[in-house]
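Notes for the one structure printed next.
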Amino acid sequence: PQGDTIKIGLNYELSGDVATYGEASVQGIELAAEEVNAAGGIDGKKIELVKYDTKSDAAEATTLATKLMTQDKVITVIGPATSGGMKATIPVAERQKVPVVSGSATADDVTVDGNGVKQFAFRTCFNDSFQGTAAANYAVKKFSAKKAVILRDSSSDYSKGLADAFRETFTAGGGEIVSEDAYAKGADNFNAVMTKFKGQQFDVIYLPGYYTEAGKAIKQARDLGVTQPILGGDGFDSPVLAEQAGAQLKDVYFTNHYSSADQDPKVQDFIKAFEAKYSAEPNAFNALGYDTLKFVADGVSRATEKTGEGVQRALAETKGFAGVTGTFDVDENHNPVKAVVFIGYDKDGKLFSEKG
Amino acid sequence: MKNPLVRQALTLWVPLVLTYVIVLLLVQAGVVDAYMQVTIATICINIVLAVSLNLITGFTGQFSLGHAGFMAIGAYATALVTMRFDSIVGFIGGLLLGGIIAALVGFLIGLPTLRLRGDYIAIATLGMAEIIRILLQNFEFTNGAAGLSPVPQYMDWTWFFVLTVGSVMLIRNFVRSRQGRDAIAVREDEIAAESIGVNTTRSKVLAFTIGAFFGGVAGGMYASYFYVIKPEQFGFLKSIDILVIVVLGGLGSLSGSVIAAFLLAIISTLLQPFPGVRMILYALLLIVIMIFRPQGLLGNRELSLRLLPGLRKRRRDDAGTEAA
Amino acid sequence: MLEIKDLEVGFGGITALKGISLSVAEGEIVTLIGANGAGKTTTLRTVSGLVRPRAGKILVDGQDVTRLSAQARVKRGLVQVPEGRRVFPQMSVLENLELGAYLRKDAKSVASDLDDVFARFPRLADRRKQHAGTLSGGEQQMLAIGRALMSRPQILLLDEPSMGLAPLLVQEIFSIVSEINAGGTTVLLVEQNANMALQIAHRGYVLETGKIVLAGTAAELTSTDEVKRAYLGG
Amino acid sequence: MEQLAQQLVNGLALGSIYALIALGYTMVYGIIQLINFAHGDVYMVGAYVGYFCMVHLNLGFVESLVIAMAVCTVLGVVIERVAYKPLRKSTRIAVLITAIGVSLLLEYTMMFFVGADTRTYGVLPPFMEQSFNVGGVLITMKQIIIIGVSVLLMVVLQYIVRRTKVGKAMRAVSQDADAARLMGISVDNTISFTFALGSALAGAAGVLVGVYYNAINPLMGVLPGLKAFIAAVFGGIGLIPGALLGGYFIGAAETLVSGYWSSLYTDAVVFGILILVLIFKPTGLLGSNVREKV
Amino acid sequence: MSILDVKQLTRSFGGLTAVSHVDLTLDQGELVGLIGPNGAGKTTVFNLLTGVYPPSSGTIVFSAHGQTTSIGGKAPYAICRAGIGRTFQNIRLFKELTVLENVMIAFQQNQRYPLPTSLLRLPGFGRAEDEIRDGARELLEVMHLGHKAEEYAVNLSYGEQRHLEIARALATRPTLLLLDEPAAGMNPTETANLTRLITQIRQDFGLTILLIEHDMSLVMQICERIYVLDHGIVIASGTPDEVRSDPKVIEAYLGEEVDHA
Ligand SMILES: Nc1ncnc2c1ncn2[C@@H]1O[C@H](COP(=O)(O)OP(=O)(O)OP(=O)(O)O)[C@@H](O)[C@H]1O
Ligand SMILES: Nc1ncnc2c1ncn2[C@@H]1O[C@H](COP(=O)(O)OP(=O)(O)OP(=O)(O)O)[C@@H](O)[C@H]1O
Ligand SMILES: [Mg+2]
Ligand SMILES: [Mg+2]
C-alpha cells in the first residue's frame, strides 16, 4: 500500500458479548499509535488506524478482516481480542497475505495447529497452557497444595484452556482436583457454587476467568467464609478486580505479563500516559493492546518491503522486542517467548509481585 | 405473455440464470472482490434463515424465538462431518445431515410445545435454543466453548446460489400448496381451521419441521463458509437478528424476507465506518422503521412484476397453472 | 341536545360515513336503522370519540366536542353502550359498575346510584361478586347498560342492545330503555330489530351505505313502504 | 442441612431480584401484551443512576434508590410515549421489534458514554457490609435489604393494582381498552402509569443489584431481563403473584442446581423445567387453563 | 334412521354445569332447532359435538355413509372429516385471506395430495389445485358470493361474512351442518333471505341441519322439530307448535307475547 500514511486495521469486538475486551484493547492501541505518530511516525509516515466493530461475532470478524485487507488495503490487521474471532480471520490473512496480530488470543492453537504454523498469524500474549501450567506449579510450590477446586467460565475458551493446563500439571504432580464447576459469562451470583465448595476439603481454588466475574466470585467466596487461596490468570489484571472485591481481596494470586509495580520506566511511563489519556488505571488488555501496536509498528519499520508480506517476514524475525508486558522474541510457532510474573494480594490484601 | 410457462420462464428462470452467470463472471474478473463475496455469502445465509423462519412465524403464525438453535445444529453437524470426511461428498452429507437432525429436533420439540399459544411458544422455543447452545458448550465432541475450526470451506458462489434459490423455491412451493394453505389457516384462526378439518397440530409441526430443516441447512452453509463456529454465535441474539429480518421484510412475505436480508446487509456496510455509534444508529433505525412501517416492507404481500402501485388486491396465486 | 353535522369517516380506503347530519332533542329516543355495514356503529363510535372523523362536527348542547377525547366526552354526559356489550370480563359485576362511575368524585351519590342500578336490575345484585365474563349474554347486556347509567349520562348511545338476546330479554331490554328515557335521559338507539326500535322511538333515521336516506317520526317510518320492505321484513 | 438452608437463603435473595424485574414485565405485558425487551435495560440504567448518585454525588443508599426509581420512571414513560405509543394499532410483533430496538439503544448509548467496562459501587457504608450467622447459615445485610425492599415494593404494588382507582383503570384497560375509554378512563395515561410503575421497580432492582454484586455494566440487563421474562411466563404472564412465584422459583432452582449439581447446566435445567411446566400447564403455574370460548 | 345420537351429554366448567344430561337425536335430512335463553348451553352443545371441548360425561354417536363414529374425545378436525360441519356464533373467518381461499382451505381437506407433490410441483399438482379451486368457486356461487371471490374476507359486510361461513362449512362436505345463530345481527328482510337459502342448501346437499337461533320467525318457520334448553337441561322438545305453547318455554324463554312469529 502506497500513500503518505501507514494504514493498520483494527478489527475488534466493540459491541456485543465481549465488547469489554475489544474496547480495552483498542484503548491501548490508540494510545500507542498516538505515541508513535508523535515521535514522527514510521519512516516519516504517520500510522492511520482503520477501526471496525465485529459485534463479537466470528463471521463478522471474517467479513471485516476481508474488508480491511481488500478494500482499505491495510498493511496489517490487529485483533480481534478473542481466540475464536482471531481464528476466523486467519484464513483470510493467509489468502490475502496480510498479517493479523492479536494481543489477547491465547488459545494454544491460534498460531499453530495440526496443519503447521499459520504464517500470517501473530500474537503478543503467551498461550493458555503456559499460564495454566505456571499457576499449577505455583500452587504446589507456594501453598504445598494437594487438593484444588476449579471454577471456570464455561463460555470462554480461554478459561477452558487455562483450566485444562492447570488440571493436567496439577494432577501430574500428584495433586487432586476435588471439584470442578463453571459459570457462564456475565454471571453475577456465585453464592451457590461457593456454598458448595465450602462444604469440601481443598487447598486452593483455581479461577481462570476474567476480572468481571472473578471480582464478584472472590467477594462472595470471602463473604461466605471460604478462606482458601484463590489463583487466576491474566484475566484478573484490572483495577476493577480490586474495586469489586474491595476489602475481601485477600489471598488472591494470578499469573500476568507484567506488574504495574515494576519500576521499569517503560512500564511506569505507560501507566502514566494511560492514566493521562483515559483517567483510569490500565488493565491487561490495555497493556497488551499497547504492546501489540508497538510490535506491529516495529515490524513495519523493519520491513524492507512495505507490504503485508514484507511485514510478515519482519514480524516473524522479531528479536528482543521490549514491551510493557515483557521483552520477547517471536518463536518458530509465532508465539512470543515471555517470562511470567505472579501478582499477589497476600492475606492482608497487600500487593506484591514475583518473577516466575 | 399469455402462456404461463413462457411467462414463468421470463419472470423467473431467465433473471435467475442471468444473475448467477453475471455474478460468476464478475467474481472471476475480480470486479466482485473478496469483501463483496463475503457480503453476498452473508446475505444468502440470512435469506435462507429468514425465509425458513418466516414459514414458521409469518405463515403458520407460531412465534419462534429459537431459530438460532436449528442453525447451530446444522452448523455443528456440517462441521463435524466435513472435518472428518473432508470431501465434497462429506460436505453434502453434512449439510443434509444437519438439516435432517435440525428437522428431527424441530419435530420432537414441536410436537409438545406447539400446543402452546402465542408468547408461550416463543418462550418454549427460546428455551429449546438455549438448551441446545448450552449442550454444545459443554459437550466434549463439540469442543466446548472453543468451538470447531477450521471447518473445510466448500461453499462458493455456485453453492450459495443453488442452496439459496433452492430453499426459497421449495418454501415458496410449500406455502402455495394445500399444506401451505392449511398452515396459513392455522395462523388466521386455529379453532376455525380445526373445525373445517385442518389437522392443526400436524400443520404446525410440519411447518416447524420444514422451517427447522432449512434453518439447519443455513447453519451448514454458515459453518462451511466461515470455518469457525462457536456455541455463543448461536445465542438468543442470533434468533432475534433473524426475526428482525423477517419482520422487517413482512411476516408472510418471502420476497420481503429476501429484500430485508439485502437491506440489512447494506445498512450494516454503511454503518461499518462508525464503529463507536453503529449499534446506536442501528437501534434508532430499527425503531424508526417499525414506527413508520410496522407491517414490514411488503406486509404479507409478495413482490412481483404484476404488483403495480395502487393495485390493492393481492396478486392471485397462479399455482394451479404452474405444473412443471 | 346532540347534533351531528356533515360527518365523514373513513378507514384506510373505505369511506364508512359520507357526510351525515342528524340531531337528537332533549328527552327524545331517536333510532338509527340500516343494513349491516351501513355505518351505524361507526356513527356511534365517532360521536363517543373512539373514532376520529375526517370532516364534520359533533355538538353537545351547542358546544363543539369534535376535538375532545373520549373520556372528556364522558364528562360531558355522552355515554356509549358499545356493540357486543364489552364488559370487563375478569372483573366482578360490582367493579364493572364502579368503573362506570370512574370520573365521579361524589362517593355518596355514586353509592345511591349503585343502589338504583341494583334495584332496576335485581339479577345483577344477585351476582355482584361474579366475574362479568361468566354472565349470560342478557346479563352482560344489563350490566353494560347499568355501567353506563353509573356515569349519569345526559345522552345514552346504545348500539344493538338486543343483539343475540333471547326474545324474553329483548322485550325486557326495550322496556328498560323506555324507562330510562322516561327518567329524563336522551337516547340514540341503533338497532337491527327495527320493529321494536320504532315502537319505542320518537323519531328515526335510515342509514344506507354511509348516507342518511330517510328521516321522520317513528310512525312515519313504520308506514313507509321502502322501510317495510328493506328493514321490517314486510 | 445447613448447606441447604444456606442455598435457600441465596436463592431467595436472587429470586427477589428476578421477581422485581419480572413484575415490570408482567404489568406491561398485562396491559398491552408486549414483551418489553427494553425492561432489562431500564434496570441497567437504574443501576447506573444509583452508581452515579452513590459514587459521584456521595448520596446515601436510600436517596440513591429513590432517585434511580424516579429517573427510571421518567425513562419508562418516555420510552412508551416515543417508541410504543405510535404502534398502538400495529401487530404485537412489530412492537416487539421496536422494543428490541429500544433495548439496543439503551445499551449502546450507555456504553458510548460510560464504556463497556464494569463499574463498581465502591465502598459501601459499614452497616451494609454486616452479616449474621443464624445457626451456621450466613445471612448478609445486603441480602436482608434486597429481600426486604423487594417484598415491600411488591406489597405496595399489589395494593395499588387491587385497591386504588388507577389500579382498577389499569385492569380495565388491559381487558378492553375501548370500553375503558367509554368509562372516561384515559387509556394513554393509564398505560404510561403502568410503564412508570414497572420501570420504577426495575430501577430499584438495578440499585439493589449494584449494591449486592458491586458490579454493573451496560449489558447487565440482558440476562436478568431474559430470566425475569421467563419467571413471568413461568408464573403466568400478566399476573402479579405469578411474577413473584416465578421469580422465587427460578432463583431457587438456579441456586439448587448450581449448589447440588453443576453450574454448567443451571440455565439448561431452568429452561427444561420451564418447558415442562408449560407443556403440562400451558398458561403458566397460576394462569387459568381454559380454552378460548367460542 | 338417526344420524346423530346424543345420550346424557354433560359438560361443566369449574363449578358450572353448562350442559347437563342432554339427550338428543337427529334423523337423516331433518332440520331441527335448538333454542333457549342466553347462557342455556346451546353453543356449548355445538362445541361438544364438534370436539372443541371434550364432554365431561355422556356419549355422542354419529353415523354417516354407513359408518358409525363415537365423537366424544375426538379432535375437531377428525370430527369434521367424519361429516359434521359448523359455523360460529362469533364469526371466525380467515380474515386476511380471500373469500375463495377461505373456501378452498375447507375444500382441500377432501382433495389431498402428498407433500412431495407440493414441494417439487410434481405432475398432478396443477390438476389437483384446479379441482380445489373450481369446487370452491361452485360453492361460492351457491351462496351468492361468486362476485366476491377475490375480496378479502375482512372486507365483506357482516351478512356476507355469515354466508361465507356457511359456504366454508359446506365445503367440508358435511352430512350434518350445525349453524350457530346464522341470522344474528340481520334485519328482518335479510333474515328472510337467509331462511330461504338454508332450506335450499338442505335440499341441494342432502343435509341434516341443527340450528341455534334467537329469531323466532326463522325458527318457527323452517324447523321441523325444536329442542329447548335451559340451564343446560332440555326442558322441552317437539314441533314448533308444541314448543310455542309450552308454558315452561314461555316462562323461560319466549315471554308472554311473541309478536312476530
Ligand atoms: N375499524 C375499521 N376498520 C376498517 N373498516 C371499518 C372499521 N370499522 C368499520 N369499518 C367499515 O365501515 C363500514 C360501516 O361499518 P359499521 O360497523 O359502522 O356498520 P353497522 O351499520 O354498525 O353494521 P352492523 O349492523 O353489522 O353492526 C363497514 O364497511 C365496515 O367494514
Ligand atoms: N370455556 C368456558 N369457560 C367457562 N364457562 C363457559 C365456557 N363456555 C361456556 N361457558 C358457560 O357455559 C354457559 C353456557 O354457555 P353457552 O355459550 O353454551 O350459552 P348459549 O346457550 O350459547 O347462550 P347464548 O344464546 O347467549 O349464546 C354460560 O354460562 C357460559 O358462561
Ligand atoms: Mg354495528
Ligand atoms: Mg351461543
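Since the structure is predicted, the reported quantities are computational estimates derived from the model, not experimental observations. So that the names make sense, note that chain A is the first sequence line, chain B the second, and so on, each numbered from 1.
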query = Would you call D:Met183 and C:Val74 a side-chain contact if the rule is heavy atoms closer than 4.5 Å?
reply = no
Structural part of C:Ala72 lying under 4.5 Å from a heavy atom of chain D = neither
Which atoms of C:Arg45 approach chain D - backbone, side chain, both or neither, heavy atom under 4.5 Å = side chain
ask   = By a 4.5 Å heavy-atom criterion (distance strictly below it), what part of C:Arg85 contacts chain D: side chain, backbone, both, or neither?
value = neither
Pick from C:Pro82, C:Ser48, C:Pro89, C:Ala148 with the largest number of heavy-atom pairs that fall under 4.5 Å of chain D = C:Pro89
task = Measure across D:Asp176 and C:Arg86 and return the closest heavy-atom pair with its distance rounded to 0.1 Å.
result = OD2-NE, 2.6 Å
key: Contact class of C:Arg76 relative to chain D, heavy atoms under 4.5 angstrom   = neither
inquiry  = Looking at C:Gln90, is its backbone amide N or carbonyl O close enough to the side chain of D:Gln175 to form a donor-acceptor pair, meaning the two atoms are under 3.5 Å apart?
reply    = yes
Non-hydrogen atoms of D:Lys168 and C:Met91 that approach each other most closely = O-CE, 3.7 Å
message = Is it the case that over 12 heavy atoms from other parts of the model lie below 6.0 angstrom from the CZ atom of C:Arg52?
response = yes
ask   = Can a cation-pi geometry be assigned to D:Lys165 and C:Tyr102, taking NZ or CZ under 6.0 Å from the six-membered ring centre and within 45° of the ring axis?
value = yes
request  = Would you mind telling me which of D:Ala180, D:Ser186, D:Gly184 has the largest number of heavy-atom pairs within less than 4.5 Å of chain C?
outcome  = D:Gly184
Considering only distance and modelled atom types, tabulate donor-acceptor pairs under 3.5 Å from the side chains of residues 122-130 of chain C, sequence neighbours left out.
from, atom 1, to, atom 2, distance (Å)
C:Arg127, NE, C:Glu139, OE2, 3.4
C:Arg127, NH2, C:Glu139, OE2, 3.4
C:Gln130, NE2, C:Thr134, OG1, 3.0

task = Return the minimal non-hydrogen interatomic distance between D:Leu182 and C:Gln80, and the atom names on each side.
result = CD2-OE1, 3.6 Å
C:Leu103 side, atom CG; D:Ile185 side, atom CD1 - distance, nearest 0.5 Å = 8.0 Å
inquiry  = With a 4.5 angstrom heavy-atom cut-off, is it the side chain or the backbone of C:Leu99 that approaches chain D, or both, or neither?
reply    = both
